[in-house]
Amino acid sequence: MQIDLRTVSIKPQRQTYGHIARRFGDKPASRYQEGTFDLQPTANFHYRPTWDPEREIFDTSRTRLQMKDWYAFKDPRQYYYGAWTLARARQQDTAESNFDFVETRNLGALLADDVRQQALDLLLPLRHAAWGANLNNSAICAYGYGTAITQPCMFHAMDNLAIAQYLTRIGLLLGDTGSLAAAKERWLYAADWQGLRRYVEDSFVVQDWFELFVAQNLVLDGLVYPLFYKTVVEDELSLRGGTAVAMLTQFMTEWYAETTRWVDAQIKTACAESPHNAVMVRDWITAWQSRALEALKPLAQRALGERAGSTLDDLATQFAARVAKCGVPV
Amino acid sequence: MSRVFIALQTNDDTRPIIESILADNPHAVPVESPAMIKIDAEGHLTVKRESISELIGRDFDLQELHTHLISLSGHIDESDDEFTLYWDN
Amino acid sequence: MDMQVPKKKLGLKERYTLMTRDLAWDTTYQPKEKVYPYADYEGIRIHDWDKWEDPFRLTMDAYWKYQAEKERKLYAIIDAYSQSNGHLGVTDARYLNAIKIFLTAVTPLEHMAHRGFAHAGRAFPGAGARVACQMQAIDEMRHAQTQIHSLSNYNKYYNGFHDFTHMYDRVWYLSVPKSFFDDAITAGPFEFMVAVGFSFEYVLTNLLFVPFVSGAAYNGDMGTMTFGFSAQSDEARHMTLGLECIKFILEQDPANLPIVQRWIDKWCWRGVRLLSIVAMMMDYMLPKRVMSWKEAWEIYFEENGGALFKDLARYGIKMPACAEQIRLEKDHLSHQVWATFYNYGGATDFHTWMPTEDEMQWLSQKYPDTFDTYYRPRFEFWREQQEKGNRFYNQTLPMLCQTCQIPMLFTEPGDPTKICYRERTYKGNKYHFCSDHCQHIFDNEPEKYVQAWLPVNQIYQGNCFPEGTDPSAPGFDPLAAVLEYYRLNIGRDNGEFEGSEDHRNFEAWRGMAKRND
Ligand SMILES: [Fe+2]
Ligand SMILES: [Fe+2]
């Protein structure tokens, strides 16, 4: 006998898992909620990490930030693995057709030599900066507390890797392997890149994972992305006939706009929790921001010449406004 | 010689893949279970992009294999055209 | 414009190098030891990370493309399965108890793997290894979430699924998987890779995911089959990573061999002990069986693992010493574990039962040397008692092995009538073990294993009651208090399957389906 199970109407015993119901009530829960909240173990750990014997496996004291509930760090995008992957696959489709478009029409060859050269000079060393961001976000996922914030940081780490890979493809499309090698040389030895490289290397040894979040995702990306992808690529190079470059960095531009909302929400949550946190976050921002601006100065100069100073000032003003909106005290 | 194996889900997409693996590796032995097939082979087993592409009438990318793969054993040698599992013993 | 020279097409390998390890550089503003502080303390010597062979060459663009395709398919099936009350299509409601164990014991491990690979993905100085670990870190999150999402619909209708994260941190039998992964993640990154990437992923996960998941399909559970096989599709990459990692470490320096061999010995045994619950799931909890645990063991461990160790012999790696004991245990394992859970069924979040006569015949046939001699008489006795209204529940708490944390239920190798005990005094305290192998693991790192949070000991120390409990209050019922601490609903989640709420509901709901037809 064929049984048609669809016709059975039965009353559920409960709508969602107990830990989700205790947070949000016993009603149908989203996949983001069920896949995220309270997933990380919190009690009765068996052994101390041999790599950090003073602490538990997951331990709130790996940052000086303090939270009553670490699941206050909600992701406005509500990304769980499936949602994140689908969103990125869509963006990847667009990126792919942009690369195709530039490649099949040979738009790279149509760029003026100085435009192409500047794109290669300024964008390719950022492969390494993006790689640094990947390392840092992997660290935040590993040592952070609570799936609500550790999960998106791992997604962010893979996004950072993807960006480094898109930049590599740009190098191969507009130049060749030699261009990548030359850019790496500049990253390693050219005086104007050393401030940025030092910033990135110093961030590798930051022990406090929320400070690292601030230094990497808020401050450094918050200045690098608008400067390079907006001002240099979209404004400067496009004016000089380099719209093809802007097509190739569309992923970065959109990604930055999307992730900014997430980063800001985390900063806002941290600051709203307590004056202690707010002051902490403010001090981290102050310390890292002045270093980042200093590091970007020679690069802005190279890209924008005499407009560098005013551009960086504008950037700093916009960044201050953004941070103020997140509730960071002045 | 030790045996390598590849296990795949059985569904519409994998039928031509399985067929071409068995054709390209006459020494391979299929073992069916519910919803899956395990293909054992003495020493080595090769999946060829060409053969699958021919069967499905479009270009097959070997990375598509990963969508249907359940498990495997052996060392892997992977190029754009072939995916080989082997043991050296 | 002089750019018209056609570019040389880069090979897969060359291109992948540019996309990954070429992104890295040797830091100069910060010393290597500070950037990668966890790379050296385990004693593994790596001279040249450039020798790392990338186990697979998947860039993020391709990763997203294929993973998105898998996710789309998977969630479409999950949706269809729950909308059509797919749960009523499983063979019988006993089956559901196997996937309760899956959710409470396996899903949290997927999350732990996610965090562990994030740690390894940060800790290794080699860029190729880091990227591979990071990719596995997100895959493992995928596994955790697809399991939670697939089983969410079961949770709506059946008991015992409802508090898996809370239970993982507390319930007695779940300290077995929890201590396994806590052990791995608290080790250094190299040992973590040998433990999880190699021993667990390469040698053992097949046993969980392949025959068991095929069994789920056989029992009509398309939801579990889908997430199970979909997770396995990532596994090929993970296994390759584990194998590459071992080869790389061994090729780097001969001094690594004894360290790696000790880890392999330890983790194969830890893994085998962990899988004893899967043995029971396969032999006792699937109403329709694809193959016995023993058969699966022979295919996936003895044959497949055998080929692997034969291959690793060139590096001097030997089959783990525990293999002999494992061989002796394969005829007994599932029966001993099921008997124990049947005994302690009052304190589990899933139901237990005695097999039917048909099922006992299947067991006799699959285990001709042991089942009828050692287990059938006991099981028939329990069944008789149950029929007389004396369903047996053990009320005393068992002694646990200090290492694997499993109750002392295993018998002496070669003598299935005698429980195996080992004992060791360390710094004035006595510790107990289920086997020589668990004792050796302890002996190698006593300072680690004395820390173990043993559920039974914790209960006796009064650490497993809900907050605010007063154990000196008149009429205090310690067992009830412990179950409350577990958030286990007495009489609904635990105990005998026969007549349980799940049993009754499933029959009633399925009856409705038949009537409607
Ligand atoms: Fe997994
Ligand atoms: Fe043990």
Side-chain angles (χ1 to χ4, degrees), chain A residues 1 3-8 10 12-15 17-19 31 34-35 38-51 57 80-82 85-86 88-89 92 108-109 127-128 131 135 138-139 141-142 151 154 157-158 161-162 164-165 168 176-177 180 187-188 198 201-202 204-205, chain C residues 1 3-4 7 18-19 23-25 27 29-30 34-35 38 59-61 64-65 67-68 71 75 84-85 88-89 111 115 118-119 121-122 134 137-138 141-142 145 148-149 152 155-157 162-163 165-166 169-170 179 182-183 185-188 448 451-453 487 509 512-514 516-517:
Chain A
M1 180 180 57
I3 306 175
D4 189 359
L5 302 169
R6 272 166 307 184
T7 56
V8 188
I10 47 178
Q13 311 252 27
R14 58 189 76 76
Q15 295 294 343
Y17 296 112
H19 51 282
R31 286 195 165 136
E34 289 195 339
D38 301 302
L39 188 52
Q40 178 205 282
T42 54
N44 306 331
F45 296 105
H46 290 277
Y47 326 100
R48 295 286 173 121
T50 54
W51 37 271
I57 295 170
Y80 57 98
Y81 178 91
T85 309
L86 288 174
R88 292 295 177 259
Q92 151 60 18
R127 286 166 85 215
H128 307 293
W131 172 251
L135 194 69
S138 200
C141 174
Q151 160 179 245
M154 202 62 225
M158 302 321 276
L161 174 62
Q165 295 179 342
T168 308
D176 52 27
T177 49
L180 296 174
W187 173 255
L188 288 174
R198 167 167 265 177
E201 291 190 11
D202 286 350
F204 290 164
V205 301
Chain C
M1 305 284 154
M3 285 280 295
Q4 298 302 326
K7 284 174 201 161
L18 291 174
M19 293 291 193
L23 302 169
W25 71 96
T27 58
Y29 296 106
Q30 291 291 344
K34 274 184 83 181
V35 176
Y38 308 137
T59 46
M60 284 311 293
D61 48 5
W64 283 330
K65 182 176 156 203
Q67 296 298 103
E71 288 291 276
Y75 281 98
S84 64
N85 287 323
L88 294 178
H111 166 268
R115 295 291 292 266
H119 171 58
R122 171 61 185 84
Q134 291 173 359
I138 42 172
M141 191 47 141
R142 168 172 194 255
Q145 291 176 334
I148 293 167
H149 293 151
S152 173
N155 169 58
K156 290 182 180 158
Y157 298 99
H162 56 85
D163 261 300
T165 63
H166 179 88
D169 280 349
R170 292 164 183 82
S179 66
D182 280 9
D183 194 350
I185 207 170
T186 53
K448 181 170 213 177
Q451 301 171 52
W453 189 91
R487 295 192 198 276
W509 292 332
M512 284 160 64
K514 284 181 186 161
N516 280 344
D517 190 48

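Proteins come first, then strands; the chains are lettered A, B, ... in the order of their sequence lines, and each starts at number 1.
Relative ring orientation between A:H128 and C:W25 is described as perpendicular, the plane-to-plane angle rising above 60° on a 0-90° scale split at 30° and 60°. Between C:Y75 and A:Y80, the ring planes are perpendicular. Angles over 60° get that label, and only those under 30° would be called parallel.
C:H111 has its side chain within reach of A:P41: a pair of non-hydrogen atoms, C-beta onward, lies under 4.5 Å apart. A heavy-atom distance below 4.5 Å is found between the side chains of C:H162 and A:R14. Side chains of A:L39 and C:M141 form a contact here, defined as non-hydrogen atoms less than 4.5 Å apart. The closest side-chain heavy-atom distance from C:T165 to A:Y17 is not below 4.5 Å. Annotation: side chain of A:D202 is in contact with side chain of C:Q30 (closest heavy-atom distance under 4.5 Å).
Both the backbone and the side chain of A:Q13 come within contact range of chain C, with heavy atoms under 4.5 Å apart. In this structure, chain A has heavy atoms under 4.5 Å from both the backbone and the side chain of C:Y157. The contact between C:Q451 and chain A is made by backbone and side chain atoms together, counting heavy-atom distances below 4.5 Å. The contact between C:R487 and chain A is made entirely by side chain atoms (from C-beta outward), counting heavy-atom distances below 4.5 Å. If you measure heavy-atom distances from A:L188 to chain C, the contacts under 4.5 Å come from the side chain alone. Heavy atoms closer than 4.5 Å to chain A are found in both the backbone and the side chain of C:H119.
Here the side chain of A:H46 pairs a donor or acceptor atom with the backbone of C:W453 at under 3.5 angstrom.
Separation of atoms CD1 (C:I185) and CH2 (A:W51) is listed at 6.5 Å; rounding is to 0.5 Å. Distance CZ/A:R31 to CD1/C:I148: 12.0 Å, rounded to 0.5 Å. Between A:R88 atom CZ and C:D61 atom CG the span is 13.5 Å, to the nearest 0.5 Å.
Across all non-hydrogen atoms, the minimal contact from A:T177 to C:L18 is CG2-CD1, 3.7 Å. For the pair A:C141 and C:A118, the tightest heavy-atom approach, listed with the atom from each and the gap, is SG-CB, 3.7 Å. A:A162 approaches C:M60 most closely through the heavy-atom pair CB-CB, 3.7 Å. In this structure, C:D163 and A:H19 approach most closely via the heavy-atom pair OD1-N, 3.5 Å. When every heavy atom of C:W64 is checked against every heavy atom of A:T85, the shortest pair comes out as O-CG2, 3.9 Å. Nearest approach of C:D182 to A:F45, heavy atoms of both residues: OD2-CA, 3.6 Å.
The choice from C:K448, C:H166, C:K65 that makes the most heavy-atom pairs within less than 4.5 Å of chain A is C:K448. Ranking A:R198, A:Q15, A:R48 against chain C, the residue ahead of the rest is A:R198, based on heavy-atom pairs under 4.5 Å. The residue among C:S179, C:G121, C:A187, C:A137 with the most heavy atom pairs within less than 4.5 Å of chain A is C:S179. Between chain C and the residues A:A164, A:G82, A:G35, A:S138, the most heavy-atom pairs under 4.5 angstrom are made by A:S138. Chain C forms the most heavy-atom pairs under 4.5 Å with one residue out of A:I10, A:D38, A:V205, and that residue is A:I10. Ranked by heavy-atom pairs under 4.5 Å with chain A, the list C:I138, C:T59, C:N155 is led by C:N155. With chain A as the partner, the residue from C:H149, C:R170, C:M19, C:K34 showing the most heavy-atom pairs under 4.5 Å is C:H149.
For A:T50, the side-chain hydrogen bond (donor to acceptor under 3.5 Å, both in side chains) partners are C:Y41, not counting sequence neighbours. Taking the side-chain hydrogen bond (donor to acceptor under 3.5 Å, both in side chains) definition, one finds that C:T27 meets it with nothing, sequence neighbours left out.
When each of C:E71, C:Q67, C:R142 is checked for a side chain to side chain donor-acceptor pair (under 3.5 Å) with A:Y81, only C:Q67 meets the rule.
For the 3.5 Å distance criterion, the side chains of C:S152 and A:E34 qualify, holding a donor opposite an acceptor.
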